[in-house]
Structures are given as structure tokens and as C-alpha cells.
Amino acid sequence: MPLNLTGGAVRVVFFCVVLVLLFAVVKAEDPYRFFTWNVTYGDIYPLGVRQQGILINGQFPGPDIYSVTNDNLIINVYNSLPEPFLLSWNGIQQRRNSWQDGVYGTNCPIPPGKNFTYVLQVKDQIGSFFYFPSLAFHKAAGGFGGIRILSRPRIPVPFPDPAGDFTVLIGDWYNASHTALKAKLDRGKRLHFPDGILINGRGPNGASFTVEQGKTYRFRISNVGLQNSLNFRIQGHKMKLVEVEGTHTLQTVFSSLDVHVGQSYSVLVTADQPAQDYYIAVSTRFTSVVLTTTAILHYSNSVGRVSGSPPAGPTFQIDWSLNQALSIRTNLTASGPRPNPQGSYHYGLINITRTIRLANSAGLINGKQRYAVNGVSFVPADTPLKLADYFKIGGVFRLGSISDNPTGGQRYLDTSVMPADFRAFVEIVFENHESIVQSWHLDGYSFFVVGMDGGKWTPTSRKQYNLRDAIVRCTTQVYPKSWTAIYVALDNVGMWNLRTEFWARQYLGQQFYLRVYSPVESIRDEYPIPKNALLCGRASGRHTRPL
């Protein structure tokens, strides 16, 4: 039957169509950035010894990812290694999208000779982060690189645009291959002390950064190493801290900065010294043997090379490091990825719905070295936990297989998964009764570091919490015989890895998964399984969605 519209009705329909088109323009998708990466082995000589490194497009370290808040990143990864491979994105929150997290609990590895395309969005984020290979012990061979997320042009940044922006990847390093290190761990042995420290994949004086006299530069420093906290400093120059893992900070000036494993910082450095070259020094912290390496800060009009000894840094002063950590706070007047001030979220006024206490420990299980959280040493399942959860495959993991509190009992092996309610606001207390510095990371979230101190945590420790301007980050340290407390709003549905960044400990069990679950199972809360999701283990033969 033909549609009969009066003139007035036609005008109404036309007006509605125009409104729809205008809305579509206004609501246009955020920009896309495309990357094609080929992962291979190649010869590297970071400490003067030939090694088999993991290269991305022939580079060690891998290429930087440059992006802007809300960009969609399409990263097509070709695995040209002879073994499975995965990349994870340290600090990228994967909002509603734990499918892209790139750890074995959420993703099947990319098989040799195959490719996988990560589709992720840096939703409502700014700042400095890094990516790394998460399987086996690949992280000891390279495959890592920097991630920077710039603010959108209309969002003010609390400092003038720097003249340059440098990625600085620091970390301890072994001359032994990643396969030899992994084999030693598999035999139940501990790793020896690292052989050196790298700055952007180079040994002593192998990396340099060129600056112009009188100008200010941003240095994005990430500790991509395997176990050691590192101190970073620049000869004759001060560093103004401006950002920590996506949070603008109070702009405190430091002469040296402790960067614990897995952490990222941004500092501003002004080239305000006489025109010559200066040492950039990085050394281990809290170790009986102190490893030090150097890079060069090169003035473009330099009239002299570096001379003398590199600047000395702190070595074992825990109180010094603790006080520095407590001084790092959120800039409440700065805009984050959105125009509202970062401090407008009054976390200190929200009631805690649950307290989780997590204690790390080390010991033998079945005669082999293992590491545990609340007595449980994590064992990977034969199927990624996220896939098992989605397809409702029984027998892969058991909810509640790790307690909310230290048990004090015998350590044991299990695929530990802790259930958590969507939109709960929880307190997590990391308790470190050992004589090492711990570093803990939670995928999918940033959290408020509300307190840290020596000794044993008790409920009365809450009296010293910072409930106003605590730093918001995704990786926090816990000093020897000390505790650190965080608040986190569980507003991101998914299966999220909570792990130590001490990589041998992570590999031998010091991690678990936090299952943040909404019974509604709505696409409003979590994206559907990707069409290109790899399926393995007991999920093999299942179907995702039609392409």
C-alpha cells in the first residue's frame, strides 16, 4: 500500500532525518590508529654479549605507540617466532573489554606463523605506559615498548608543551637467554642476580638524548625490568614530576626518582646548565651489590663530553624511598582525560564494601621453588579463564579458590580466581612480610594508593590513610616488612590479572585473577566476545560471533 503523507508530515519526516544525520555527525567514532607488527628473533648485544632478542619490526626495544585519549588502536601482530606469543598492555584499562588484555588468563596465545589483531581503545586515559610479552619468560628477551596517550587538544594540560618528548625504558637484564632462565625456574631453582641495567635496550652510554639549551623536555620513564627497583637521576639537573601512570601529579621537584618494577613516571627537565654532555644514571635499589648504568644527555651546542663519575644515588635507604612515595600526590586542580578536575571523585567519602588482605610468600612446594599469594601458588589452566567463563566450561577454575585474607597455612598449587561484585568499592591491603621490595599490578584498573608504612597492617592503620589526594596509578610498591593499602572502584567487568611485577615470582605462581562479574551479562557492561577471538584448550571448536 503506498505511503500517503501530507505536506506537513513530509516536513516532519525531513526534519527528523536531518536531526538523525546531525546526531550521527556529532557522535562520529573516535579516531583509529593502525599498526602492523612482525615479531621475530634477532641478534642483540645490549651488554656486549650476543643474545637472541625478541624484535618487533626489527626493533629492540619495540616501536612506541603514540595515541590520543579515546583513540582506537588496531594492532595486527604477526607471530614469526617458533613458539606461541602474547602481548599485554601495562596500564591500559581495556574498559568493558578484558578480551584484549593479552595475558593467558584472558587470551589464547598467537600460534607460531599466525597473526592476531588486537582492537583496543584508550578510553578516558592519558599518560605514560608500556607493552610487553606476557607468556613464558619472553619478557627477558625484549618485545617491550613505550605507550604514550596525549590529552585531546581541547583539554588543558597543567604545564606548557615541552620542546620534546622522550621514552626512557629502564630495566635490569640477564646475559642468559630467556629459555635458559625459564628452564632454571622450571627446575625449581631461583635466578641469580641480573648482569646489568639497560636504558632503551642499550648498555653503558649506549643511549643518548639530545636537547637544546634553555628548553624543557618531557621524559617518560618506565621500569620494564624483571625484578629490581631502580633509581633514575640526571647529572646537574632537577626533575619536575608531572604525571604517574595516567594521573597528573603535584609538581614536586626531585634530584633522583625511585621507579619500581612495572611503574611509569613523567618528569620535566630543563636544559639550564652549561652547554656540554651530562650523565643520566640508573642504579639498583635495596641490593647488596649495586648495578649502575648510564646514558648521555647531550646539549645540541655541547662544547664538552661527559667527565668524572656519574652522580651517586641512594642505595638501601628505605625511609628515603617511602617518604618520596608518600609525597607523590594527585593534582586536584588539573583536568584528566575529561575537562573535569581529577580530584572531583571524592573517594574518601565512599563506604568500603569489602577488605581484601594479600600476603606474598616464598617456599618449596613438591620440592621446587614456588611463590604464593595468601598461600596459593597460581597454576595456569589448560584454557584461558575468560573463555572458560564465557562458554561456561566447568572444571577449569573454581571461584573462591583464594581467600580474602592470609591463611597462615601450607602453600599449595591451584588456579586461583577471586570473585568480586561489579561496582563494589574495595580496600586491598598488600602485606609484605619478606625482606624484598614487592611491586603489585592490577590489570583493568587504576587505584588510589591511600597508605603505606612499615610493620604490620591493622584496622587502626586506616587513621593514617590519605583520603583526599592519594595518587591514582596501576602499579604500587610494598617495602620490606611493610604494607600498602589501595582503594579501587570495581567498575570494569572482566577477568583481571593481579600479579607481582617481580617476573620470576609471577612465573612461579605469585598472581591470581579477579573476576569482576555482573549477573545482568549486558553489552552495556561488557563488550561481546570479539569475532576474531582465538579459541584454544577446551574452548576449541566453539564459535564466537559471525564475521
Side-chain angles (χ1 to χ4, degrees), residues 39-56 60-62 79 81-88 90 102-104 109 112 130-145 169-199 201-203 222-230 260-262 284 287-289 291 293 360 362-372 377-380 413 436-439 441 497 499-511:
V39 181
T40 61
Y41 280 131
D43 288 344
I44 57 175
Y45 300 82
L47 294 177
V49 177
R50 179 177 173 271
Q51 291 180 262
Q52 185 184 63
I54 294 178
L55 313 181
I56 298 179
F60 169 74
N79 178 18
L81 303 181
E83 68 248 34
F85 184 78
L86 266 180
L87 282 173
S88 189
N90 211 72
V103 291
Y104 183 66
F130 64 92
Y131 61 86
F132 69 97
S134 62
L135 278 187
F137 219 63
H138 286 154
K139 192 181 181 188
F144 44 73
L169 304 177
I170 60 176
D172 49 19
W173 190 259
Y174 288 88
N175 283 327
S177 69
H178 72 94
T179 52
L181 296 173
K182 177 179 175 295
K184 188 172 184 178
L185 293 172
D186 289 339
R187 293 195 302 270
K189 306 298 183 181
R190 297 187 183 210
L191 298 184
H192 64 272
F193 192 63
D195 296 300
I197 301 171
L198 304 186
I199 300 176
R202 305 292 185 266
S222 294
N223 186 338
V224 298
L226 298 174
Q227 68 182 57
N228 287 111
S229 300
L230 300 174
H260 304 276
V261 188
T284 55
T287 56
S288 55
V289 176
L291 294 175
T293 196
N360 49 273
L364 299 181
I365 301 178
N366 301 328
K368 291 187 175 183
Q369 180 66 52
R370 297 291 299 188
Y371 302 94
S377 186
F378 183 84
V379 178
L413 305 175
I436 64 163
V437 176
Q438 262 289 10
S439 192
H441 175 88
N497 189 227
R499 62 178 178 268
T500 178
E501 293 280 16
F502 193 132
W503 213 242
R505 285 176 165 249
Q506 177 273 154
Y507 180 75
L508 292 181
Q510 208 157 81
Q511 60 172 307

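Just the heavy atoms: all of them, side chains too, but no hydrogens, waters or symmetry mates, feed the values below.
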pair Tyr507-Asp186: side-chain heavy atoms closer than 4.5 Å: yes
Distance check, rounded to the nearest 0.5 Å: Leu181 atom CG versus Lys139 atom NZ? 13.0 Å
Under 6.0 Å between ring centres, would you say that holds for Phe144 and Trp503? no
So, Asn90 side chain and Phe132 main chain: donor-acceptor pair closer than 3.5 Å or not? no
Do Arg499 and Val103 make a side-chain contact, defined as non-hydrogen atoms from C-beta onward lying under 4.5 Å apart? yes
Taking atom types as modelled, find out whether Gln511 and Asn497 have a side-chain donor-acceptor pair closer than 3.5 angstrom. yes
Report the residue from Ile197, Val289, Asp172 that forms a side-chain contact (heavy atoms from CB on, under 4.5 Å) with Thr284. Ile197
What one should report as the nearest heavy-atom pair of Ala176 and Gln51 is O-NE2, 3.7 Å
Backbone N/O of Leu230 and side chain of Asn228: donor-acceptor pair under 3.5 Å: no
Take Leu169 and Leu198, measure what side chain to side chain contact (heavy atoms under 4.5 Å, CB included) needs, and give me the verdict at the end. CA-CA 8 Å; Leu169 304 177; Leu198 304 186; over 6 Å; no
Testing the 3.5 Å rule here: is there a donor-acceptor pair between the side chains of Arg190 and Gln369? yes
I'd like to check Tyr41 versus Pro82 (side-chain heavy atoms, cut-off strictly below 4.5 Å). Are they in contact? yes
Specify whether His178 and His138 have parallel, tilted or perpendicular ring planes, treating 30° as the upper limit for parallel and 60° as the lower limit for perpendicular. perpendicular
Take Leu55 and Ile44 through the side chain to side chain contact (heavy atoms under 4.5 Å, CB included) test and state the conclusion after the steps. CA-CA 9 Å; Leu55 313 181; Ile44 57 175; 3.9 Å; yes
Would you check if Trp173 and Asp195 make a side-chain contact, meaning some heavy-atom pair closer than 4.5 Å? no
Measure across Gly62 and Ile56 and return the closest heavy-atom pair with its distance rounded to 0.1 Å. CA-CB, 4.2 Å
Starting at NE2 of His441, measure out to CD of Gln506 and round the result to the nearest 0.5 Å. 11.0 Å
Stepwise side chain to side chain contact (heavy atoms under 4.5 Å, CB included) test for Arg505 and Asn360: CA-CA 10 Å; Arg505 285 176 165 249; Asn360 49 273; 4.2 Å; yes
For Ser177 versus Thr179, what's the shortest heavy-atom pair and its separation? OG-OG1, 2.9 Å
What one should report as the nearest heavy-atom pair of Gly143 and Leu87 is O-CD2, 3.6 Å
Checking Glu501 against His260: is there a side-chain donor and acceptor pair closer than 3.5 Å? no
Taking all heavy atoms of Gly142 and all of Phe60, pick out the closest pair and write down the distance. CA-CE1, 3.7 Å
Do you know the tightest heavy-atom contact between Leu47 and Gly203? CD2-CA, 4.3 Å
Output yes when a side-chain donor or acceptor of Ser377 lies under 3.5 Å from a complementary backbone atom of Leu508, and no otherwise. yes
So do the side chains of Leu191 and Leu185 get within less than 4.5 Å of each other, counting heavy atoms only? yes
Separation between CG of Leu291 and CZ of Phe193, rounded to the nearest 0.5 Å: 4.0 Å
Side chain Thr500, main chain Phe502, donor-acceptor under 3.5 Å: yes
With side chains defined as the heavy atoms from C-beta onward, is the minimum distance between Ser134 and Tyr104 less than 4.5 Å? no
Any donor-acceptor N/O pair, Arg370 side chain to Gly188 backbone, under 3.5 Å: no
